[in-house]
Amino acid sequence: MDLFEIDEKQRLRREAAAARLHEIADALARNNAIDFQRDGHRITVHVPDEVDFKLEVEIGDAERELEIELTW
């Protein structure tokens, strides 16, 4: 299968970013799949019952980063 990738970066207010994270978390808690849509295309990502969870925090002089990654 060819690689399908969505690499999205947006500037959001903190509350809007939290709402987006809640949407993803709620979808994971309710189902074993998450739907993503972009440019009229829809993809369903099936997520198993167990995943590897990675939390990364980077603090530099100019930027700070919080990265959350799920793999399986």
Side-chain angles (χ1 to χ4, degrees):
M1 179 166 87
D2 292 332
L3 175 67
F4 178 86
E5 183 174 310
I6 295 176
D7 188 359
E8 186 176 291
K9 187 173 184 176
Q10 297 175 296
R11 176 158 300 273
L12 301 171
R13 294 193 51 81
R14 184 186 63 247
E15 296 87 354
R20 183 68 179 116
L21 288 171
H22 275 287
E23 289 174 16
I24 294 168
D26 289 345
L28 279 172
R30 280 192 314 267
N31 306 308
N32 64 344
I34 300 176
D35 292 328
F36 293 96
Q37 293 185 3
R38 175 176 253 190
D39 299 330
H41 299 289
R42 179 179 173 182
I43 182 147
T44 300
V45 178
H46 296 280
V47 183
D49 290 338
E50 291 188 7
V51 297
D52 296 317
F53 178 89
K54 178 181 176 183
L55 176 65
E56 184 177 324
V57 178
E58 294 180 14
I59 299 174
D61 292 334
E63 281 191 349
R64 280 124 177 104
E65 181 177 318
L66 170 65
E67 186 173 330
I68 300 168
E69 181 178 281
L70 301 177
T71 57
W72 57 92

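- Rounding to the nearest 0.5 Å places CG of L66 at 10.0 Å from CD of E58.
- Partners of A19 according to the side-chain contact (heavy atoms from CB on, under 4.5 Å) rule, which considers only residues two or more places apart in sequence or in another chain, do not exist here.
- At most 12 heavy atoms of other shown residues, nucleotides or ligands fall within 6.0 angstrom of atom CD in E50.
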Exercise for review: Might you work through the side chain to side chain contact (heavy atoms under 4.5 Å, CB included) test for V45 and F36, ending with a clear yes or no?
Suggested key: CA-CA 8 Å; V45 178; F36 293 96; 3.9 Å; yes

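- Heavy-atom contacts from other residues, nucleotides or ligands closer than 6.0 Å to CD of E67 number more than 12.
- Among N31, L28, N32, the single residue meeting the side-chain contact (heavy atoms from CB on, under 4.5 Å) criterion with V47 is L28.
- Within the model, atoms CD of E8 and CZ of R20 stand 6.5 Å from one another, a figure rounded to the nearest 0.5 Å.
- Looking only at side-chain heavy atoms (C-beta outward), W72 and D52 stay at 4.5 Å or farther from each other.
- Expressed to the nearest 0.5 Å, how far NZ of K54 lies from CG of L70 amounts to 12.0 Å.
- By the rule that hydrophobic residues join a cluster once side-chain heavy atoms approach within less than 4.5 Å of another member, V51 and L21 end up as members of separate clusters.
- Between A33 and T44 the shortest heavy-atom distance is CB-CG2, 3.6 Å.
- Considering only heavy atoms from C-beta on, I24 comes within 4.5 Å of I34 through its side chain.
- The environment of R13 atom CZ is sparse: at most 12 non-hydrogen atoms of other residues, nucleotides or ligands sit within 6.0 angstrom.
- Atom CD in E56 sits 6.0 Å away from atom CD in E65 (nearest 0.5 Å).
- With values rounded to the nearest 0.5 angstrom, I68 atom CD1 is found 6.0 Å from L55 atom CG.
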